[in-house]
Amino acid sequence: MVGEAHKYPDFKALSQQIDPEWIAHALAVTGKASVRRRKLPAEQVVWLVMALAMYRHQSIPEVVAHLDLALPDEVNPDIAKSALTQARQRLGEEPLALLFGLSAAAWDERHQHGRTWRGLARYAIDGSTLRASDTPENRHHFGAQAYASGVVASYPQLRLLTLTSLATHLVRATVFGEYGKNEMRYARDLLQAIPDHSLTVFDKGFLSAELLLQVQQHGRERHWLIPAKNNSKWERWRIETSYRELKQEMLGGELTLRSGTPETVRQEVWGALLAYNLVRLEMAEVAREVGVVPTDLSFTTALHYLRYEWSWLAISSPGTLPARLLRLRERLGELLLPKQRRGRECPRVVKKLPSRYSTKQVRSVK
């Protein structure tokens with residue numbers, strides 16, 4: 001076991017903090033708890049996997065050093081890159097998946113109070129895709145998009161579906177896996193996670209009597225909403241915004257995920273979803289304090305501030321924490337998104353279609 005004299009870094013600036021008992025429970029249930037002293041015990045590897053999403057443009061050794069995640073060792077102060085890889089492999093994906101389930105449900109229930117519509121909690125189910133590193137293992141496990149021409153996409157892909165709160169954009173539940181599996185089959189696995197007394201919005205691609213009847217016939221007061229035809233008007237749920245924030249803002253718009261094996265890819269996705277929810281949770285807490293809705297705050301700016309705060313906590317004394325958190329909350333509360341979009345600065349124009357043939361301009365001579 002890890003020595004009691006060492007105190008783990010305090011990451012409260014990212015949220016009201018993940019309950020340490022959740023982490024201990026997830027590690028114990030999955031049999032991943034550290035049984036001997038390591039420079040990077042299982043508890044720290046959990047935080048490392050989340051940090052890899054927060055600091056996407058830094059390498060794994062840089063993240064460990066930047067956040068001071070490894071335990072001190074006077075004999076061998078350095079930690080090899082291979083040891084970091086082995087630590088992630090020992091942890092696996094199961095503790096992250098269990099931790100996500102525990103925290104996502106608790107955080108969502110905490111922030112549904114006072115944000116319902118006619119007594120119903122509002123959710124959306126939709127899907128997206130993520131690209132993985134092009135390794136034989138990833139391509140065999142996840143597959144890739146095949147075009148009508150017979151060409152296969154350059155990178156392996158995985159499908160991702162989420163049950164997302166419309167009030168806070170917190171992800172309540174998720175399923176993901178191989179690209180070739182139909183979204184409708186993934187959606188069935190999410191239905192049991194829909195809470196009672198709720199309204200769930202589906203994209204028009206999920207129009208299926210079998211699917212929608214399961215929403216109504218299981219649980220209590222579970223309603224659904226789906227567009228009926230192209231010219232219908234419906235509530236816009238903006239779940240695509242969450243995918244953009246996760247893929248472009250948090251993961252930096254990188255071409256692929258970091259990991260080279262299916263096991264570490266899945267672990268990385270769970271870590272990214274946990275990190276995304278931590279940012280969204282802090283935004284929901286701030287919004288409640290300043291009396292606005294969470295979606296009025298800027299995710300990008302909140303992410304930048306929280307990255308800075310996490311870095312600062314790695315080298316700061318605990319006594320200054322309350323003041324830092326108070327200042328963080330005050331700053332985030334001021335970063336409200338504009339209620340109206342800016343006017344268009346340039347008129348709309350029709351782009352000229354590219355020519356199949358090269359052209360050459362000839363100047364006339366008079």
Side-chain angles (χ1 to χ4, degrees), residues 45 48-64 81-82 84-89 91-94 96-97 100 125-164 169 171 173-187 189-190 203 205-206 239-277 279 299-300 303 307 354:
V45 183
L48 169 61
V49 175
M50 289 185 277
L52 294 181
M54 294 287 289
Y55 300 89
R56 181 61 180 87
H57 295 301
Q58 293 181 252
S59 68
I60 298 178
E62 288 174 340
V63 173
V64 173
K81 185 176 181 180
S82 58
L84 298 177
T85 302
Q86 293 168 7
R88 288 188 60 194
Q89 291 173 343
L91 182 68
E93 68 163 299
E94 293 85 0
L96 276 298
F100 176 84
I125 287 181
D126 205 351
S128 185
T129 60
L130 293 169
R131 287 188 292 264
S133 299
D134 190 15
T135 64
E137 296 88 349
N138 284 343
R139 187 170 288 276
H140 175 74
H141 183 82
F142 294 111
Q145 182 178 7
Y147 300 96
S149 62
V151 176
V152 180
S154 301
Y155 292 92
Q157 295 166 286
L158 57 151
R159 289 198 185 276
L160 169 74
L161 267 74
T162 60
L163 173 68
T164 302
H169 286 194
V171 177
T174 185
V175 290
F176 58 89
E178 62 269 22
Y179 180 83
K181 185 176 177 179
N182 187 275
E183 279 193 343
M184 201 73 71
R185 294 173 59 193
Y186 279 117
D189 297 333
L190 277 180
D203 190 17
F206 295 96
I239 190 173
E240 298 92 343
T241 303
S242 297
Y243 292 134
R244 184 189 66 205
E245 292 165 348
L246 174 66
K247 296 166 66 172
Q248 297 183 14
E249 303 299 339
M250 176 162 283
L251 298 182
E254 293 288 337
L255 186 62
T256 69
L257 297 170
R258 295 175 184 261
S259 307
T261 66
E263 294 77 13
T264 50
V265 165
R266 295 182 65 85
Q267 182 193 72
E268 183 178 349
V269 174
W270 286 118
L273 290 167
L274 275 161
Y276 174 83
N277 267 1
V279 178
F299 178 88
T300 303
L303 175 62
R307 280 173 176 163

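Just so you know, residue 1 is the first one in the sequence shown, and it goes up from there. Hydrogens, waters and symmetry mates play no part in the numbers below; they use all other heavy atoms, side chains included. A quick note: this is a predicted structure, and the numbers were derived from the prediction, not measured.
The closest donor-acceptor contact from the side chain of Y179 to the backbone of P156 lies at 3.5 Å or more, if one exists at all. A donor-acceptor pair under 3.5 Å is formed between the side chain of R88 and the backbone N or O of T264. N138 contributes a side-chain N or O that, together with a main-chain N or O of S133, makes up a donor-acceptor pair within less than 3.5 Å. Not one N or O on the side chain of R258 forms a donor-acceptor pair closer than 3.5 Å with the backbone of A53. Although no hydrogens or angles enter the test, the distance criterion places a donor-acceptor pair under 3.5 Å between the side chain of K247 and the main chain of T129. Checking side-chain atoms of E268 against main-chain N and O of S259 turns up a donor-acceptor pair under 3.5 Å. Put simply, the side chain of Q267 never gets that close to the backbone of L96: no donor and acceptor are under 3.5 Å apart. At distances below 3.5 Å, at least one donor-acceptor pair connects side-chain atoms of R159 with backbone N or O atoms of K181.
Here the OG1-CG distance, from T162 to L190, works out to 7.5 Å after rounding to the nearest 0.5 Å. Between F206 atom CZ and L161 atom CG the span is 4.5 Å, to the nearest 0.5 Å. Separating the OG1 atom in T174 from the OH atom in Y186 is a distance of 10.5 Å, to the nearest 0.5 Å. How far CD of Q86 is from NZ of K81: 13.0 Å, rounded to the nearest 0.5 Å. Rounding to the nearest 0.5 Å places CG of L163 at 11.5 Å from CG of D126. Annotation: the span from L52 atom CG to L257 atom CG amounts to 11.0 Å, rounded to 0.5 Å.
Heavy-atom minimum distance, V63 versus A51: CG1-CB, 3.7 Å. Heavy atoms only, all atoms of each residue included: A272 and L251 are closest at CB-CD2, 4.3 Å.
Side-chain contact between E249 and Y276: absent, with no pair of heavy atoms (C-beta onward) separated by less than 4.5 Å. Side-chain contact between H141 and V265: absent, with no pair of heavy atoms (C-beta onward) separated by less than 4.5 Å. Contact check for M54 versus L303: side-chain heavy atoms found under the 4.5 Å cut-off. A heavy-atom distance below 4.5 Å is not found between the side chains of V171 and S242. Between M250 and F299 there is a side-chain heavy-atom pair separated by less than 4.5 Å. You'll find the side chain of L160 reaches within 4.5 Å of the side chain of L246, heavy atoms only.
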*For side chain to side chain contact (heavy atoms under 4.5 Å, CB included), just list the numbers for F176 and W270, CA-CA rounded to whole Å, side-chain angles, deciding distance to a tenth of an Å, and then say yes or no.*
CA-CA 10 Å; F176 58 89; W270 286 118; 3.5 Å; yes
*Audit row: E254, R131, side chain to side chain contact (heavy atoms under 4.5 Å, CB included) steps and yes/no*: CA-CA 9 Å; E254 293 288 337; R131 287 188 292 264; over 6 Å; no
*What do the steps show when you test L91 against L48 for side chain to side chain contact (heavy atoms under 4.5 Å, CB included), and what is the final call?*
CA-CA 11 Å; L91 182 68; L48 169 61; over 6 Å; no
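When only modelled atom types and interatomic distance are considered, E137 and T261 share no side-chain donor-acceptor pair under 3.5 Å.
Atom OH of Y243 has more than 12 neighbouring heavy atoms from other residues, nucleotides or ligands inside a 6.0 Å radius.
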